[in-house]
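Written out below as C-alpha cells is the structure these notes cover.
The sequence lines fix the lettering, A, B, ..., with proteins before strands; numbering per chain opens at 1.
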Number of protein chains: 2
Amino acid sequence: MGKRGKSNRFNVLLNYKLWLSSISGEGIISEEVHILLVGIHDKNSLKAAAEDAGISYRKAWGDLKQAESLLGYDLTEKTRGGKKGGQSVLTPAALKLLEAYAALQKKLDDAVEEAYLELKKKMEN
Amino acid sequence: MGKRGKSNRFNVLLNYKLWLSSISGEGIISEEVHILLVGIHDKNSLKAAAEDAGISYRKAWGDLKQAESLLGYDLTEKTRGGKKGGQSVLTPAALKLLEAYAALQKKLDDAVEEAYLELKKKMEN
DNA sequence: TACCGATATGTATATCTTTGCATAACGGCA
DNA sequence: TGCCGTTATGCAAAGATATACATATCGGTA
C-alpha cells in the first residue's frame, strides 16, 4: 500500500450546464439547441437533427422556435415541400453563434476541469 | 446617435448550473444542497434552511440525504427532541466542502463572466 | 407525564416537461 | 393530380419532479 489510503478519495464528478436566457429570465436557449444547430448544420434537417440529439421533433421544433424568438432573428431558413420534402438550413447568424459558442464552451470546459482538480485536491488533502 | 446602432445588441444572459454526481451519474449533489448547507450553517436547522432556500422540507431532507449517501459521509449531525425540538449542525467535512465550493464557484463565476463578454463581443461585432 | 418543535419518512397530489399522435401545408416528381 | 417527406402546430397522454399532508420519534421543559 502507498503512504496514504484511498479512504478519503473524493469520488464525485463535477458537471455543469450552460444556457442563455432573456434578461427577464423566461425564455432560454439551452445547450440542446446548440446540439440541434450542429445537427442541422450536418444534415440540413431539423427532423434528422432531433433524432440525432435523441429528442422528439416536437420538442426540437419548439426549442428552436423559442431560441429564434429570444434572439430576435432566425437561426434557420426553412422550406417545405420539394424533392426532399423540405429542409432547414443554418443562417449566417447561426453559424456565427455556433462558432462563438464553441469557443465559449472550450473555455468553460477548461475552467471547470481546472476547478474540479482544485476541489478534489482540497477535499482529498 | 452613436456610430453604431443598437440593432445587433446581443441581449441575452449567460447562465450556468453546477452539480456533483457519482461516477455512474445517478445520484447528484445540486447547487441547492450548497445553499442548504449555507442555511444550516447559519441557522443550525434544516427546516429553517429549507424555508430560506424556498423549497419544501421534504425535498431538502431528501436532497441532503442523497448528498450524504453519495459522498459516503455525513454533512450534518442531526439531533431530535430537546428544548428546541432538535437541530442539524454541519460536520467539519461539510465546512471543508463549503469552503472548497466557494472557491470553485468564484473561479467559475469569473470564467463565465469573461466567456460571456467574449461571446457578446463576437456576436455584436 | 403531557407538550413543543425539529428531525424522519411514506404516500398522495399537484405541477412541469416531454412525448406522441393527429392533422395541415408545401412543392417537386412520377 | 396523387404521393412523399419535411416543416408546422395543437392537444392529449405519459413521465418526471416537487409539494402537501399525515404520522412517528425524540428529549428537554413546564
- Item | Gap separating the CG atom of A/Leu119 from the CG atom of B/Leu18, nearest 0.5 angstrom | 10.0 Å
- Item | Stretch residues 13-21 of chain B: residues that reach within less than 4.0 Å of DNA chain C through a heavy atom | none
If you look only at distance, which donor and acceptor atoms sit under 3.5 Å apart when one is on a side chain in residues 92-101 of chain A and the other is two or more places apart or in another chain?
from	atom 1	to	atom 2	distance (Å)
A/Lys96	NZ	B/Asn125	OD1	3.0
A/Tyr101	OH	A/Glu31	OE2	3.1

- In short, the helix from C/dT1-D/dA30 to C/dA30-D/dT1 is bent end to end, axes from five pairs each side, to 10°, by 20°
- Tell me, please, the opening and closing nucleotides of DNA chain C, 5' to 3', among those with an atom under 4.0 angstrom from a non-hydrogen atom of chain B. C/dG5 to C/dT11
- Task: Only counting residues at least two apart or in another chain, list the ones meeting salt bridge (Lys or Arg N to Asp or Glu O under 4.0 Å) with A/Glu113.
- Result: none
- Message: Apply the hydrophobic cluster definition, ILVMFWY joined by side-chain contacts under 4.5 Å directly or through others, and give me every member besides B/Trp19.
- Response: B/Ile28
- Note on the structure: Its contact letters, B for base, S for sugar-phosphate only and - for none at protein heavy atoms under 4.0 Å, make nucleotides 17-30 of chain D read -SSB----BBBS--
- Item | Side-chain heavy atoms of B/Leu70 within contact of B/Leu20, under 4.5 Å | no
- Item | Distance, nearest 0.5 Å, that separates NZ of A/Lys47 from OG of A/Ser56 | 12.0 Å
Only pairs under 3.5 Å count here: list side-chain donor-acceptor contacts from residues 32-44 of chain A, not counting sequence neighbours, and write none if there are none.
from	atom 1	to	atom 2	distance (Å)
A/Glu32	OE1	A/Lys59	NZ	3.1
A/Lys43	NZ	A/Asp52	OD1	3.4
A/Lys43	NZ	A/Asp52	OD2	2.7

- Task: Could you tell me the separation between the NZ atom of A/Lys84 and the P atom of D/dT6, rounded to a whole number of Å?
- Result: 9 Å
- Message: Test of understanding: with side chain to side chain donor-acceptor pair (under 3.5 Å), list the residues that count as partners of A/Ser69, not counting sequence neighbours.
- Response: none
- Query: Taking C-beta and beyond as the side chain, do A/Tyr16 and A/Leu108 meet within less than 4.5 Å on heavy atoms?
  - Reply: yes
- Item | Shared hydrophobic cluster, B/Leu117 / B/Leu14 (ILVMFWY, side-chain heavy atoms < 4.5 Å) | yes
- Note on the structure: Per the under-4.0 Å heavy-atom filter, residues of residues 33-47 of chain B near DNA chain C come out as B/Ser45, B/Leu46, B/Lys47
- For the residue pair A/Leu71 and B/Phe10, establish whether any side-chain heavy-atom pair is separated by less than 4.5 Å. yes
- Message: List the residues meeting side chain to side chain donor-acceptor pair (under 3.5 Å) with B/Ser21, not counting sequence neighbours, and say none if there are none.
- Response: A/Asn15
- Query: So, for B/Leu104 and A/Ala115, which heavy atoms are closest and what is the spacing to 0.1 Å?
  - Reply: CD1-O, 3.9 Å
- If you look only at pairs with a residue in residues 70-82 of chain A, which of them pass as a side-chain hydrogen bond (donor to acceptor under 3.5 Å, both in side chains), with sequence neighbours excluded? A/Glu68-A/Thr76, A/Glu68-A/Lys78, A/Thr76-A/Lys78
- Task: Please name the pair of heavy atoms, one in A/Leu13 and one in B/Ser22, separated by the smallest distance, quoted to 0.1 Å.
- Result: CD1-O, 4.3 Å
